[in-house]
Amino acid sequence: MAEFSQSMKEAKQHNDYWEFKARHRFALQLLRVLKSQEISQSEFAQRAGVSAGYVSRVLSGGENLSIRTLVKLCRALDLTLDIQTNPQAPVFQRKHVEDQDWSLLEQALRRKHGSPQINLMRPESAVNEHAYVIDFDAQESAVEVA
């Protein structure tokens, strides 16, 4: 498990990782729209004015798309393109959770969910000693403290 965590940490240092992630997120969003609107890949290709093979490569995350192409594909599905930037999630590192300054995590949760009531719990079924559950307003999110 430690090897995987280290590999991911190293991968995130390279732009290729982030490009790959963005391409696959976009592809996943397109796939969800195609499914929800019951549009086949060939119909999508026809609407967008591209080949079915190109659509297949896009939907597999294998194409490095320009903004022009992103817009073209979105418009073929009556979507708008909204490009956002987000701050990278903070990493919380402490040996003892009682000593942890949770203010950054609390701020991130408040930005995403308003003003939740936050309780940090360590479930008995935790996979490791660093797994905690954040319970806020009857919703739960898992967090791992590195």
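Source: prediction; values computed, not measured.
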S.K.: For Phe20, does the CZ atom sit with more than 12 other heavy atoms under 6.0 Å from it, leaving out its own atoms?
M.R.: no
S.K.: Heavy atoms, side chains only, cut-off 4.5 Å: are Leu81 and Leu73 in contact?
M.R.: no
S.K.: Check whether any side-chain heavy atom of Leu34 sits under 4.5 Å from a side-chain heavy atom of Glu43, and report yes or no.
M.R.: no
S.K.: Are side-chain heavy atoms of Phe44 and Leu30 found at a separation under 4.5 Å?
M.R.: yes
S.K.: Are there over 12 heavy-atom neighbours, none belonging to Gln46, within less than 6.0 Å of that residue's CD?
M.R.: no
S.K.: Does the side chain of Leu65 come within less than 4.5 Å of Arg23's, by heavy atoms?
M.R.: no
S.K.: List the steps and the verdict of side-chain contact (heavy atoms from CB on, under 4.5 Å) for Ile39 and Arg47.
M.R.: CA-CA 10 Å; Ile39 299 170; Arg47 287 183 183 192; 3.2 Å; yes
S.K.: Distance from Ser36 atom OG to Leu31 atom CG, nearest 0.5 Å?
M.R.: 11.0 Å
S.K.: What's the separation between atom NZ in Lys9 and atom NZ in Lys12, rounded to the nearest 0.5 Å?
M.R.: 10.5 Å
S.K.: CD of Glu38: more than 12 outside heavy atoms within 6.0 angstrom?
M.R.: no
S.K.: Using modelled atom types only, decide if a donor and an acceptor are shared between the side chain of Ser56 and the backbone of Ala52 within a distance under 3.5 Å.
M.R.: no
S.K.: Between Ala27 and Gly61, what is the shortest heavy-atom contact and its length?
M.R.: CB-N, 4.1 Å
S.K.: For Arg75, which of Leu79, Asp78, Val71, Leu77 qualifies under side-chain contact (heavy atoms from CB on, under 4.5 Å)?
M.R.: Val71
S.K.: Can you tell me how far NZ of Lys35 sits from OG of Ser40, rounded to the nearest 0.5 angstrom?
M.R.: 15.0 Å
S.K.: Could you measure the distance from the CE atom of Met8 to the OH atom of Tyr17? Nearest 0.5 Å is fine.
M.R.: 3.5 Å
S.K.: Within the 4.5 Å heavy-atom criterion, are Thr69 and Glu63 side-chain neighbours or not?
M.R.: no
S.K.: Do the non-hydrogen side-chain atoms of Arg25 and Leu28 ever get within less than 4.5 Å of each other?
M.R.: no
S.K.: Quick check: is Val58 connected to Ile67 through a chain of hydrophobic side chains (ILVMFWY, heavy atoms under 4.5 Å apart)?
M.R.: yes
